[in-house]
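Here is the structure we will look at.
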Amino acid sequence: MNLTVKNICCIGAGYVGGPTMAVIASNCPSIQVNLVDINKNRIKAWNEKNLNKLPIYEPGLSDLILKTRGVNLHFSTEIEKCITNADMIFISVNTPTKTKGIGAGKAVDLRWIESCARKIGEYSKGLTIVVEKSTLPVRTAQTIKDILKAYEDNNSKRHFSILSNPEFLAEGTAINDLECPDRVLIGGDEEYAIEALENIYLNWVEKEKILKTDIWSSELSKLIANAFLAQRISSINSISALCELTESNISDVSLAVGMDKRIGAEFLNAGPGFGGSCFKKDILNLIYICNHYGLTEVADYWEQVILINDWQKKRITKKIIEKLFGTLSNKRIAVLGFSFKANTNDTRESPAIDICKDFLEEGCNLSIYDPKVEKEQIFKDLIINSENYSKLETTDTIEKACLNSDAIIVMTDWQEFYKLDFLKLSKIMRKPRFIFDTRNVINLKEAKNFGFRIWNLGDGSFQ
Ligand code: UDX
Ligand code: ADP
């Protein structure tokens with residue numbers, strides 16, 4: 001059997017679906033790509049003329065949208081129609097952790113996946129390849145298969161083939177990660193379907209980089225890749241605390257350790273803890289699966305990665321309270337950066353959320369500046385009660401955030417925080433003025449010359 005894909009439908013126009021489909025459309029002009037979503041506002045924003053109003057911020061994305069939108073990339077809420085016309089359907093809907101019921105706080109909530117599978121079953125025609133893009137628990141493909149099997153029948157010649165094709169893009173570098181991937185992983189059990197997807201990637205990815213596996217190994221590889229990355233961050237963060245107590249410096253330690261090519265230099269930057277929609281969710285999922293199969297020791301091992309991540313955030317809050325003379329009540333802290341990392345407007349699981357919530361609980365006033373996160377999002381993430389409302393302010397410049405504040409805390413490594421104007425800031429902040437740098441971005445000597453008291457994460461000389 002041979003299938004040349006001419007029409008793709010991607011369900012879920014979010015941080016994964018949006019950039020992925022833009023890159024496919026840009027590299028495959030002969031394929032029509034329809035990106036659909038149940039969220040009307042999101043689709044409206046994707047269709048905005050003003051490219052600054054796209055629903056997600058990702059460097060390089062707006063150029064691709066300009067090139068492909070209305071040509072072979074279309075954004076719509078007509079889910080049923082787009083499913084019917086597609087030979088290949090990507091599922092990239094959200095897969096958050098369950099908040100109630102069995103497995104709450106650990107297992108993935110599959111309700112969005114299931115509802116997609118049923119819709120695909122109802123509206124697709126003929127041969128359809130269904131591709132799992134969202135990160136999913138191992139064996140979810142089986143669930144999708146089981147649902148779709150019920151819709152197959154010989155009369156209408158309907159047949160579904162399921163592939164796992166996990167996305168490894170990181171936000172902030174998504175376009176580059178998609179254009180030049182380290183690898184593309186395709187898991188499946190029907191050769192024609194695997195080949196059809198491989199042929200799409202071959203438009204811009206070298207053949208050697210395309211790995212083909214069984215479907216379960218593909219699903220598991222994605223979980224494990226994220227777990228390993230998160231583990232590196234928790235490892236280096238745990239050592240950051242030790243550096244502070246032993247007058248050593250975490251940046252030097254990272255450099256020295258990472259120069260061993262068996263270890264590698266990337267993902268060794270200490271910080272306030274990992275955020276983003278994937279790491280915590282995937283590790284919780286891994287723990288859940290291990291417990292399910294009776295591998296309690298393995299589950300406990302991976303749980304430590306999350307515990308250290310939570311501990312790192314709490315440790316920072318405690319350190320700041322201690323430095324600010326034991327109380328934050330009625331003090332003002334300028335928070336620089338709110339997204340979970342630089343170059344994205346995504347705040348999911350951002351360490352800034354937990355730390356700012358703790359500050360508010362302590363009675364602190366916060367003025368938050370982030371170059372890309374909308375005010376509404378910050379309020380949505382932080383407001384817990386009406387009392388806190390008056391204590392929270394967002395600003396559109398660094399200076400306004402710092403005006404009359406006692407301290408600055410750098411939460412995200414946005415480029416503009418590397419070159420703060422200490423002269424200006426020293427004139428508008430209250431004395432004694434503090435800087436808490438959780439990302440190692442501040443020019444420490446310069447800040448010190450302007451009279452700032454400094455705490456630099458993982459740096460024994462600035463405690
Ligand atoms: C991650 C994976 O990298 C990607 O392959 C997967 O597809 C989705 O999950 P993402 O969450 O977008 O991507 O961002 P990533 O760059 O991995 O950063 C995650 C978190 O770790 C951020 O909060 C970041 O600030 C933090 N981090 C990263 C560190 O604290 N130190 C580092 O050295 C690297
Ligand atoms: P991710 O980071 O995985 O891309 P997002 O939350 O950014 O996650 O995007 C997932 C998108 O999937 C959301 O825009 C959501 O509205 C959409 N979605 C969820 N369920 C469905 C569904 N059944 N049909 C269409 N779109 C859906």
Side-chain angles (χ1 to χ4, degrees), residues 9-21 35-43 45-46 55-56 58 75-80 82-83 89-96 109-120 133-136 166-174 177-178 181-183 185 221-223 225-230 232-237 240 250-251 254 258 264-283 309 312-313 337 339-352 411-413 438-440 457-458:
C9 170
C10 174
I11 309 179
Y15 283 90
V16 172
T20 309
M21 291 305 123
L35 194 40
V36 297
D37 204 292
I38 36 172
N39 183 334
K40 288 195 178 83
N41 289 335
R42 216 168 207 188
I43 291 299
W46 278 114
I56 69 173
E58 191 61 62
F75 296 93
S76 128
T77 50
E78 292 187 298
I79 303 177
E80 292 82 5
C82 292
I83 288 177
I89 300 173
F90 287 79
I91 304 182
S92 67
V93 299
N94 27 341
T95 48
D109 192 339
L110 287 176
R111 77 178 94 161
W112 291 274
I113 294 286
E114 186 175 330
S115 102
C116 279
R118 288 179 192 281
K119 226 175 208 148
I120 294 170
K133 250 303 161 206
S134 321
T135 309
L136 293 164
E167 192 44 76
F168 294 104
L169 68 81
E171 289 173 29
T173 52
D177 296 343
L178 285 158
D182 290 345
R183 78 306 210 181
L185 186 53
S221 301
K222 166 69 188 198
L223 276 194
N226 277 349
F228 270 51
L229 290 170
R232 274 172 84 88
I233 300 168
S234 278
S235 297
I236 204 71
N237 283 345
S240 71
I250 194 66
S251 304
S254 294
E266 287 186 45
F267 259 71
L268 283 181
N269 293 323
F274 55 78
S277 69
C278 283
F279 284 175
K280 186 174 173 191
K281 179 184 77 178
D282 288 353
I283 295 178
N309 201 50
Q312 180 80 338
K313 290 182 265 190
S339 54
F340 78 95
K341 62 185 235 184
N343 296 319
T344 176
N345 60 344
D346 194 349
T347 63
R348 286 176 291 179
E349 300 292 339
S350 174
M411 287 300 310
T412 312
D413 49 341
T438 71
R439 295 278 188 176
N440 280 297
L457 184 116

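Sequential numbering from 1 along the given sequence is applied to the chain's residues. The structure presented is a predicted model; accordingly, all values stated were derived computationally and were not measured. Whatever order the structure lists ligands and atoms in, that order sets their numbers, starting from 1.
- Of the candidates N94, I38, I91, the one placing a heavy atom closest to atom 22 (C) of ligand 2 is I38.
- Ligand 2 has no N or O atom lying under 3.5 Å from any N or O atom of S277, backbone or side chain.
- Closest heavy-atom approach to atom 10 (P) of ligand 1 among the candidates Y15, F340, F168: F340.
- The shortest N or O to N or O distance between R42 and ligand 2 is under 3.5 Å.
- Within the 4.5 Å cutoff, the side chain of P272 has no heavy atoms near those of the Q312 side chain.
- Geometrically, ligand 1 and G275 share a nitrogen or oxygen pair separated by less than 3.5 Å.
- Contacts with ligand 2 closer than 4.0 Å are made by no heavy atom of T95, backbone or side chain.
- Here the side chains of F279 and I233 are in contact, with some heavy-atom distance below 4.5 Å.
- Under a 4.0 angstrom heavy-atom cut-off, K222 registers as being in contact with ligand 1.
- For ligand 2, none of its N or O atoms has an N or O atom of E171 under 3.5 Å away.
- An N or O contact shorter than 3.5 Å links L169 to ligand 1 by distance.
- Considering backbone and side-chain atoms together, V93 places no N or O closer than 3.5 Å to any N or O of ligand 2.
- In this pair, F75 and W46 present their aromatic rings parallel. The plane angle is below 30°, not in the 30 to 60° band.
- In this structure, the protein non-hydrogen atom closest to atom 28 (C) of ligand 1 is I233 CD1, 3.5 Å.
- In terms of protein heavy-atom proximity, atom 16 (O) of ligand 1 is nearest to K341 NZ, 2.7 Å.
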